[in-house]
*Asks:* 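Okay, handing you the structure first.
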2 protein chains.
Amino acid sequence: MKLSDGVEWALHCCTVLALVPPEYALPAAKLAEFHGVPAAYLAKHLQALARAGIVVSLPGAKGGYKLSRPAAEITLLDVVLAVEGATPAFRCTEIRQRGPASLPAKEYGLPCSITRAMGRAEQAWRESLRSETIADLLTALSHDINPRAAMKAATWMQEALA
Amino acid sequence: MKLSDGVEWALHCCTVLALVPPEYALPAAKLAEFHGVPAAYLAKHLQALARAGIVVSLPGAKGGYKLSRPAAEITLLDVVLAVEGATPAFRCTEIRQRGPASLPAKEYGLPCSITRAMGRAEQAWRESLRSETIADLLTALSHDINPRAAMKAATWMQEALA
DNA sequence: GTCCCTATACTCGGATAGCAAGTGTCCGAGTATAGGCGG
DNA sequence: CCGCCTATACTCGGACACTTGCTATCCGAGTATAGGGAC
């Protein structure tokens, strides 16, 4: 089981976008430069965020991406599902309906107990992600960021938005 | 994000093995036949379970697999980690240490807040899986299995162990 | 009748191809801006 | 000096190669069994 790298990138991008003044937008190329990742590939994931309504994209000069709503209203789950897709990690293939001890499909009502248990675990995962927002990331970040790093990031953004 | 099919197969196999009398063992080929899955590929995952100490393998005639300990002492997490590997789904690549606003690696102490949040979610997932055992699956199964299916399975196992 | 030996058939185990999804990249469509021109 | 028009440069968006890891398979090593023979 592996989560796409895009999830990490998207979350970092959301925290950066949350720091951009509302009247500005930040292009994908700048976000890629800031994080040191391939711009073209990051764009792919930003498009996913746009499709999910988490960010809005503005075309043309001085365009770019910005958050569609306050950071406190964007949960980590929103971002993860947007990038990774909403299909659950565990997919029951109903192998109980195959093999010599199986019955016609009509006879099976509930999902099997394994599927239900795996579903509960995945639900717990989603619940944890739903309980935290981009705003929470920012407050946590503000507590343990190196002041010099914060300064460098601030000056960089000044230039990027100019 | 996708969980290997082997997880589903392994869990089903464990429930079946839990029903095998302790003095018997069930070969991989029989388990594959019962579930209608490719035998050679299922064997690969059973080997993973054996490496993790969840099942024991007995070579030679009348050999096969059996559970290494009571079903109540095997958690779903044990099985999932054995098949899927213990590496977490979310891997932080420390992109905060790249790009123009980064500092020397030495300056970064804690993992970033994103990594911590994702870790908490994954912890919740693992905790949920850890709280349930193969024995729990069996009791749930006994409640909602079709009696005819149970009968067919029982007679099949009689033959398989003969 | 009992014990031992041998040959057999069955088991697991790791090493080997094939394929799908994630990874990385590119170029084209569309738009707000900026500058120049005319009034 | 102000407004309009045009050309430009910049943005996103979807379509195209490549690599990693999951899927699927095979054959070889090892062992408990079962049968036959000797005592």
Side-chain angles (χ1 to χ4, degrees), chain A residues 1-10 13 17 20 23-33 35-66 68 80 83-85 87 89-91 93 95 160-162, chain B residues 1-10 13 17 20 23-33 35-66 68 80 83-85 87 89-91 93 95 160-162:
Chain A
M1 183 174 55
K2 183 175 175 295
L3 220 52
S4 167
D5 292 347
V7 171
E8 182 187 7
W9 300 1
C13 285
L17 287 177
V20 173
E23 63 270 25
Y24 288 95
L26 206 53
K30 289 287 180 188
L31 282 167
E33 176 196 335
H35 293 114
V37 298
Y41 189 30
L42 177 62
K44 194 185 189 64
H45 295 300
L46 290 172
Q47 286 166 29
L49 292 180
R51 268 193 296 273
I54 293 168
V55 302
V56 292
S57 63
L58 303 176
K62 299 267 183 183
Y65 290 96
K66 56 167 65 180
S68 70
V80 171
V83 173
E84 196 65 27
T87 56
F90 180 86
R91 274 96 121 179
T93 57
I95 62 174
L161 295 178
Chain B
M1 184 174 53
K2 184 176 175 292
L3 221 51
S4 166
D5 292 348
V7 171
E8 182 187 6
W9 300 2
C13 285
L17 288 176
V20 173
E23 63 270 24
Y24 288 94
L26 207 53
K30 289 288 179 187
L31 281 167
E33 176 197 334
H35 293 114
V37 299
Y41 188 31
L42 176 61
K44 193 184 189 68
H45 296 301
L46 290 172
Q47 287 167 29
L49 292 180
R51 269 193 296 273
I54 294 169
V55 302
V56 291
S57 64
L58 303 176
K62 300 267 182 182
Y65 290 97
K66 56 168 65 179
S68 69
V80 171
V83 173
E84 197 65 28
T87 57
F90 181 85
R91 275 96 123 178
T93 58
I95 62 174
L161 296 178

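Bear in mind the structure is a predicted one, so any value in this text is a computation, not a measurement. Chain letters run A, B, ... following the sequence lines, proteins first, then strands; residues in each count from 1.
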*Asks:* What is the distance, to the nearest angstrom, from the OH atom on A:Tyr41 to the P atom on D:dT20?
*Replies:*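 Interatomic distance, OH of A:Tyr41 to P of D:dT20: 13 Å.
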*Asks:* Given B:Trp9, which partner from the list B:Val37, B:Leu46, B:Val83 fulfils the side-chain contact (heavy atoms from CB on, under 4.5 Å) test?
*Replies:*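 Result for side-chain contact (heavy atoms from CB on, under 4.5 Å) with B:Trp9: B:Val37.
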*Asks:* Nearest-nucleotide wise, let me know which of A:Ala43 and A:Pro59 is further upstream toward the 5' end of DNA chain C.
*Replies:*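 Taking each residue's closest nucleotide, the earlier one in sequence belongs to A:Ala43.
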*Asks:* Given atom CG of B:Leu161 and atom P of C:dT11, what is their separation to the nearest angstrom?
*Replies:*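 After rounding, the gap between these two atoms is 12 Å.
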*Asks:* Quick check on side-chain contact (heavy atoms from CB on, under 4.5 Å): which of A:Val55, A:Leu26, A:Val20 does A:Tyr65 satisfy it with?
*Replies:* A:Val55
*Asks:* How close or far is atom C1' of C:dC12 from atom CG of B:Leu46, stated in whole angstroms?
*Replies:* 10 Å
*Asks:* To the nearest 0.5 Å, what is the distance between OG on A:Ser4 and NE2 on A:His45?
*Replies:*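 These two atoms lie 4.5 Å from each other.
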*Asks:* Using a cut-off of strictly less than 4.0 Å, decide whether A:Ser57 has a side-chain nitrogen or oxygen near OP1 or OP2 of D:dT11.
*Replies:*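 False: A:Ser57 side-chain N/O out of range (4.0 Å or more) of D:dT11 OP1/OP2.
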*Asks:* Can you measure A:Arg91 atom CZ to D:dT23 atom C1' for me and round it to whole angstrom units?
*Replies:* 14 Å
*Asks:* With sugar-phosphate meaning primed atoms plus P, OP1 and OP2, does B:Lys44 contact a base, only sugar-phosphate, or nothing at under 4.0 Å between heavy atoms?
*Replies:* base
*Asks:* Taking only the side-chain heavy atoms of A:Arg51 (C-beta and beyond), determine which of D:dG13, D:dG14, C:dC12 contains the nearest atom.
*Replies:*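 Among D:dG13, D:dG14, C:dC12, the one nearest the side chain of A:Arg51 is D:dG14.
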*Asks:* Expressed as a whole number of angstroms, how long is the span from A:Glu23:CD to C:dT33:P?
*Replies:*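 Spelled out: CD on A:Glu23 to P on C:dT33 is 14 Å.
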*Asks:* Quick one: label B:Ala29 by what it contacts on the DNA or RNA (base, sugar-phosphate, nothing), any heavy atom closer than 4.0 Å.
*Replies:*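 Touches nothing.
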*Asks:* Between A:Lys30 and B:Leu3, name the one whose nearest nucleotide on DNA chain D is closer to the 5' end.
*Replies:* A:Lys30
*Asks:* Hey, is the main chain of B:Ile54 close enough, under 3.5 Å, to the side chain of B:Ser68 for a donor-acceptor pair?
*Replies:* yes
*Asks:* Once you round it to whole Å, what is the distance between C1' of C:dT31 and CG of A:Leu58?
*Replies:*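 One finds 11 Å between C1' of C:dT31 and CG of A:Leu58, rounded.
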*Asks:* Just call it for B:Ala25: base, sugar-phosphate, or nothing, with non-hydrogen atoms closer than 4.0 Å on any strand.
*Replies:* nothing
*Asks:* So if I take every side-chain heavy atom of B:Ala61 and compare against D:dG13, D:dC26, D:dT33, which nucleotide ends up nearest?
*Replies:*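 Of D:dG13, D:dC26, D:dT33, D:dT33 is nearest to the side chain of B:Ala61.
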*Asks:* Which one, C:dC26, D:dC12, C:dT33, comes nearest to the side chain of A:Ala40?
*Replies:* C:dC26
*Asks:* Please report, rounded to the nearest Å, how far the C1' atom of C:dG22 is from the NZ atom of A:Lys2.
*Replies:* 7 Å
*Asks:* Select one nucleotide: of D:dC26, C:dG13, C:dT25, the one nearest the side-chain heavy atoms of B:Ala50.
*Replies:*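 Among the listed nucleotides, the one closest to the side chain of B:Ala50 is C:dG13.
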*Asks:* What's the CG-C1' distance between A:Asp5 and C:dA21, to the nearest Å?
*Replies:* 13 Å
*Asks:* Under 4.0 Å between a side-chain N/O of B:Gln47 and OP1 or OP2 of C:dG14, yes or no?
*Replies:*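 It does, given that an N or O in the side chain of B:Gln47 lies less than 4.0 Å from OP1 or OP2 of C:dG14.
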*Asks:* Report the nucleotide, chosen from C:dG13, C:dT11, C:dT25, that has the shortest atom-to-atom distance to any side-chain atom of B:Tyr65.
*Replies:*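 Output: C:dG13.
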*Asks:* Is the backbone N or O of A:Leu3 less than 3.5 Å from a side-chain atom of A:Glu84, with the two atoms forming a donor-acceptor pair by type?
*Replies:* no
